[in-house]
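A short worksheet on the structure shown next.
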2 protein chains.
Amino acid sequence: MRKARAHKGSKGGTSEDLGERKLIKLIQSHLSVMPGLPVPFGDDVSAVDIGKGRVAVLKTDMLIGKTDVPRGMSLWQAARKAVVMNVSDFAAKGVAPTALLVSLGLPMDFMRKDVEEIARGLNAGAQEYGAYVIGGDTSEASDLVVAISLFGTAKRKALVLRSGAKAGDIVAVTGFFGKPAAGLRLLLEGYAASKELRDVLLSSVCMPKARLCEGLALCRSGAVSASIDSSDGLAWSLHELARMSEVGFVVNSVPVADEVRRFAEFNRLDAMELALHGGEEYELVVTVKSKRWADAETAVEASGGRLLPIGKVTRDRQVLLDVDGVKCPVEERGWEHFKSKI
Amino acid sequence: MRKARAHKGSKGGTSEDLGERKLIKLIQSHLSVMPGLPVPFGDDVSAVDIGKGRVAVLKTDMLIGKTDVPRGMSLWQAARKAVVMNVSDFAAKGVAPTALLVSLGLPMDFMRKDVEEIARGLNAGAQEYGAYVIGGDTSEASDLVVAISLFGTAKRKALVLRSGAKAGDIVAVTGFFGKPAAGLRLLLEGYAASKELRDVLLSSVCMPKARLCEGLALCRSGAVSASIDSSDGLAWSLHELARMSEVGFVVNSVPVADEVRRFAEFNRLDAMELALHGGEEYELVVTVKSKRWADAETAVEASGGRLLPIGKVTRDRQVLLDVDGVKCPVEERGWEHFKSKI
């Protein structure tokens with residue numbers, strides 16, 4: 001889910017001016033509401049009651065060539081990424097995907113080998129997360145469009161929504177931030193890095209990973225009160241969790257990836273900016289009941305991951321940084337990475 | 001599901017040369033197969049076992065501005081049509097849709113009122129067929145993309161696949177054919193018609209209806225052996241049903257709409273061509289066990305529709321026309337209507 005750019009100072013009215021959040025609110029305001037909807041409109045996934053306390057979990061998001069596939073990313077990688085970005089939303093809710101459908105828009109000049117590469121990328125993405133591609137359709141399009149529909153089932157009560165954070169909970173993430181933002185600057189803006197650093201940063205762009213094992217472990221632990229993925233950036237995700245839970249956060253430690261610090265230093269960039277306002281990364285941002293911290297941490301470590309505490313949930317509805325004695329608000333914006341630059 | 005054009009004589013290799021059927025086969029050949037899949041890849045819908053003899057039924061297909069929205073069709077109508085084309089596939093399998101998600105690609109210059117029109121069209125389409133829009137995402141795109149994911153549940157054994165037709169069954173359809181093909185010629189190619197005829201033909205293009213009531217009634221009757229919708233045209237649907245059921249058809253009566261005969265006569269066009277090789281229409285093409293014909297007909301009539309017998313299923317694996325003593329094969333092609341003409 002990328003945000004459409006919201007331009008300041010423009011008169012408003014176009015979808016570009018509105019930005020994704022307002023667009024989704026606007027669309028929602030014209031929709032009839034399904035009675036007894038298990039997950040509110042606008043959470044990471046949607047769900048439908050299928051009886052006996054279970055729900056069908058559904059997600060659809062599309063990858064578009066012009067805005068989501070930077071130079072240097074292969075079609076195999078693009079197709080795989082289309083799957084990963086949907087799986088990441090399932091991971092945030094603690095749901096294992098079972099099956100996916102793909103609606104594929106193909107430019108007419110795509111070659112047979114291009115289509116095969118896309119098919120193999122879709123399959124690789126699905127298999128990596130234990131799911132199967134079970135159907136789909138193709139259409140002619142002027143730009144590559146890969147729209148994925150992901151399906152799974154879950155116990156209704158087990159779903160971890162965006163709205164459950166409580167004052168006193170611990171805010172935590174499943175990894176360090178900023179690598180895709182740095183990688184995109186390398187790919188598209190001519191910044192420099194050593195071969196070793198370059199490999200790590202580009203891999204974070206071209207081969208993103210969804211934190212499915214971590215999300216499933218966190219859900220099973222029962223220690224998590226709210227969860228979201230960070231595809232729109234850490235800052236945006238914190239603001240969204242805070243808004244949906246009607247709480248605030250104080251962040252004491254920004255989890256900047258070591259590679260991002262080195263890249264930023266070498267290129268005289270702001271590492272904090274890359275980590276907070278990047279996006280296109282698929283860590284989970286969660287709140288954990290403070291008495292259950294050890295359970296959550298153990299569960300994630302047993303799944304092969306790690307859980308990093310970064311702050312606390314507060315009653316005061318602001319998202320604040322409080323690092324080394326300096327306090328300031330975390331701005332609610334993602335980095336407008338490679339749009340219109342490809 | 002529109003077919004990509006398959007050009008004769010070209011060297012092959014591009015997605016345009018391959019055509020949709022081969023593209024889907026090609027993609028499928030690179031996919032791991034889900035064990036125990038209830039519906040084969042390539043049928044109108046996909047399904048996943050959810051236990052106790054029930055399946056989750058899923059469908060995704062996208063509408064693309066350039067190829068699916070002719071001049072004269074409003075955004076409200078386009079959004080509604082995106083829903084209808086997916087519901088039609090559910091209708092063919094006898095499944096009621098419950099919920100849908102939409103993945104929306106919006107050009108940056110779309111205005112607020114355009115987005116509202118799309119939202120209202122999506123909601124109208126969903127409500128018309130008893131479903132709700134429960135989630136979705138928006139992205140920037142160079143052309144309008146409306147990718148719908150439709151969801152419902154059904155008894156596994158009740159699903160009517162493409163593959164069950166048996167020699168001796170009666171071939172039947174839920175309405176008369178050719179109106180959208182004629183309507184598109186009116187819209188795009190400057191053909192003429194009286195005001196009254198024009199209204200009927202344009203309405204068939206801009207306000208298509210899915211035969212959901214008929215499809216549900218046919219499914220409940222238990223009299224149907226195979227079913228498909230006719231979105232790629234009557235001829236293509238007959239060939240596809242024959243291929244998947246490993247049978248042939250003799251068609252004794254082509255259900256040409258009266259308005260299409262009049263339009264064709266006035267414009268010196270071939271009415272049979274419009275009815276057989278049109279497409280973008282959403283009738284159901286089914287095969288009915290001959291001893292159960294009365295049950296099927298009664299069920300459809302009770303649902304407010306009609307069931308027109310047009311021929312017989314044969315062991316000989318050809319699709320033949322046998323009208324007024326003249327026999328000839330039905331060519332397997334759809335009409336390449338408004339592609340590249342909008």
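In the text below, chain A, chain B and the rest are named by the order of the sequence lines, each starting its count at 1.
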Under a 4.5 Å heavy-atom cut-off, does chain A meet the side chain of Leu37(B), its backbone, both or neither? side chain
Which region of Val45(B), side chain (C-beta onward) or backbone (N, CA, C, O), has a non-hydrogen atom less than 4.5 Å from a non-hydrogen atom of chain A, or is it both or neither? neither
Heavy-atom distance under 4.5 Å to chain B: side chain of Thr153(A), backbone, both or neither? side chain
Side chain, backbone, both or neither of Phe151(A) within contact of chain B (heavy atoms, under 4.5 Å): side chain
Where does Ala99(B) contact chain A at under 4.5 Å (heavy atoms): side chain, backbone, both or neither? side chain
Under 4.5 Å from a heavy atom of chain A, the part of Glu116(B) involved: both
Would you check if there is a donor-acceptor pair between the side chains of Ser32(A) and Asn123(B) at a distance under 3.5 Å? yes
Region of Asp143(A) that comes under 4.5 Å of a non-hydrogen atom in chain B: side chain
The residue among Thr138(B), Val133(B), Val102(B) that forms side-chain contact (heavy atoms from CB on, under 4.5 Å) with Ile27(A) is Thr138(B)
Proximity breakdown for Ala47(B) and chain A, heavy-atom pairs closer than 4.5 Å: backbone
Sort Pro107(A) into side chain, backbone, both or neither according to what part of it lies under 4.5 angstrom from a heavy atom of chain B. backbone
Of the backbone (N, CA, C, O) and the side chain (C-beta and beyond), which part of Val33(B) lies under 4.5 Å from a heavy atom of chain A, both, or neither? backbone
So, the part of Leu104(A) with a heavy atom under 4.5 Å from chain B: the answer is both
